[in-house]
Structure formats: structure tokens, C-alpha cells
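Data block below; observations after.
These figures come from a predicted structure and were not determined experimentally. Indexing begins at 1, ligand by ligand and atom by atom, following the structure's order. Just so you know, residue 1 is the first one in the sequence shown, and it goes up from there.
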Amino acid sequence: MHHPRTKTLTLVAAAAAAVAWLPALAPHSAGLIASGDTFAVGLDTDGDGLHDALEVRLGTDPVSSDSDSDGLDDHEEMLVGGNPLVPDALGEINYEPALYLDLYAVGGEVVLQFSAIQSQSVTDVEFVWATEEGPDTASRAGLSAFMPYLAGSSIRSASNSTWSIHSGNMIFPASTFEQFDSMALAVLARVDGESVGYEVQLAHMNNALCQVRDDLINQANGGNGGVFPVEPGGQQPTGTPDEVCVQTLTPTAFLPGGKIEYQVTDASCQTLANAVCLPGCSSSVLDTLIGIDILSLID
Ligand SMILES: [Ca+2]
Ligand SMILES: [Ca+2]
Ligand SMILES: [Ca+2]
């Protein structure tokens, strides 16, 4: 009989590891503006594990843990590859070791949420970082370098009772992310013995720090890529829940250092739930964005 081995995601700091690979914390010059009192760091109103600020950007309902009422909560759907806005058949969900990483900013802080779904173990967790300055900046650093930023962690059962979901949050000064035009951050781990990774790509658009996504959730609206301002409400304090630009991003060049040049070949804002259009969205057609595929840099 198979006895699953259970090992918690142990977040233990090695002694005083150097953090020199983290960018120096320059003065905050780019001016991420808090979007009012709508969002707070760490707020998860419906308790599904996804912070409110992430939910408005994904188009999921921040006050309903299961936006599409299919029995899988929104956070678990992001991990198992379901669509949190379209009912999925529970019996057809294929549970596999997986990681998920996402981030948002409120005021001067960037919150990084990372999660793993596992049946046996999560080991060898690492965060990896790359900037536009070249491939040698894809420093591979131990988890310990991030430990000063860890704000919390949790473990809960998945809908499939032999699986569990590990989550953690880290909080960084926004200035850490403001000094590069484009960068990428990834989490790597061995989950149930398999090496898995998940990355987020960041780029500036119209002076707003944005996350480049090729998986905009509400693809029923025709989106197949686009950007979210990292801060809900976008760069301007509009009083609106969030801003988004649904773009068709066409890779036009694969550059050294894992960099991918995309051209925006179409851009518009349709009715992504809870979001409004990023100012300048339609005029971003023919713009180029540089994304960095950090996972390609590290095999
Ligand atoms: Ca939530
Ligand atoms: Ca659901
Ligand atoms: Ca679903």
C-alpha cells in the first residue's frame, strides 16, 4: 500500500546569506500611486487564498471563493489549470504537481503570492530573478535571500483530499521592481519529485509597471495576452477597480538573455470583469514590449 510521504514546505532561513543579487533599494522615483482605500495588502475577503487585488485583475469575484460555482475555489483553479470563470467538471481535473506565482502592488509595497499543489512533498524551493541587463543577472539564489521578505505561509487541503495547497506571501519595497524596464521573477521547486517552475514577466507601459500575461483569464472576450498594471487602479488614482489592456502580443524576436520582443498587433479593452481600460491601451498597437523568459535561462 502506498503511503504518501508528507513534508511541509519548510521556510527556513539559512544563516545570513548574501542578498547582494537583489537590486539596491533605490529611492522610489516612478511613483506608483495608491489607488485609494479599496485594496489593502494581504486582504483576502472570501478566504480562497487569492488576495482581493489579484482577483480583480484576474476577473474573479473577490467576495466569492468559487466564482463559477463549479466546486473548485478560484485559487485551486489557478493551480490545477481550470478556468475560474467557466465551470469545470471536477472529475475531469487532472491533478499534477504545480506552482503558481502572482504579484500586485499597493502603495509602496509589492506583494508576491506563491503557491504549490502537491500530494507528497515540496522541496528545493528557489526564487530566481532576471533583468534586462543580461543573462548573467539571472542569479540563482537560495530561498534564504528572500526570507527577510516573507510575510506569511499556510497549508490547506485541496478538493482532492490526497492533495494539499501550500501558499506563502512576500512583501518587497516597490522600488525593487521600478528600476528596470523589464524583468522576470520565477519560483522553482521539486514538487512530488518533479521539477516545476512558474514565472511572471514585468514591463513598463505608459510609465506604469505592468505584468505581461499570455493567459488573460477571460479569453471568452477574445483576449490572448495583455498587460495589467501591477497596482490595482493603475497608475492614476481613478477610483476604478482595476485597469487592463487586452493585447495580441506577437513575438517578433528572440534575443539573447531569454529576452523576447513582442509587438502589440491588436489592443483593446473588452468587458473583462471588474476592470476598465488602461489609458493609452488602443494606442499601444505597434508598440514593442520586452519580456524575459527566465525559465528558458535556467533550463
Ligand atoms: Ca480571495
Ligand atoms: Ca470555481
Ligand atoms: Ca472553473
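- Inspection of the Q120 and D192 side chains reveals no N or O donor paired with an N or O acceptor under 3.5 Å.
- Distance check for D52 against the Ca ion (ligand 1): none of its N/O/S atoms falls below 3.0 Å.
- No side-chain donor from either of T252 and Q263 sits under 3.5 Å from a side-chain acceptor of the other.
- D73 has a carboxylate O that lies under 4.0 Å from a charged side-chain N of R156, or vice versa, which qualifies the two as a salt bridge.
- If you count the protein N, O or S atoms nearer to the Ca ion (ligand 2) than 3.0 Å, you get 5.
- For D46, the N, O or S atom with the smallest separation from the Ca ion (ligand 1) is OD1.
- For the side chain to side chain contact (heavy atoms under 4.5 Å, CB included) with L185, the qualifying choice from V110, L112, I294 is L112, the only one to do so.
- Residues S164 and H166 form a side-chain contact, since some pair of their non-hydrogen atoms from C-beta on lies under 4.5 Å apart.
- Within the 4.5 Å cutoff, the side chain of L54 has no heavy atoms near those of the L103 side chain.
- Between the OD1 atom of D44 and the OE2 atom of E55, the angle centred on the Ca ion (ligand 1) amounts to 180° when rounded to 10°.
- In this structure, L202 and V212 have side chains that are not in contact, with every pair of non-hydrogen atoms separated by 4.5 Å or more.
- Note on D48: its N/O/S atom closest to the Ca ion (ligand 1) is OD1.
- In this structure, F114 has its ring center under 6.0 Å from that of F127.
- For a distance bound of 3.0 Å, the N, O or S atoms of G47 include none lying that close to the Ca ion (ligand 1).
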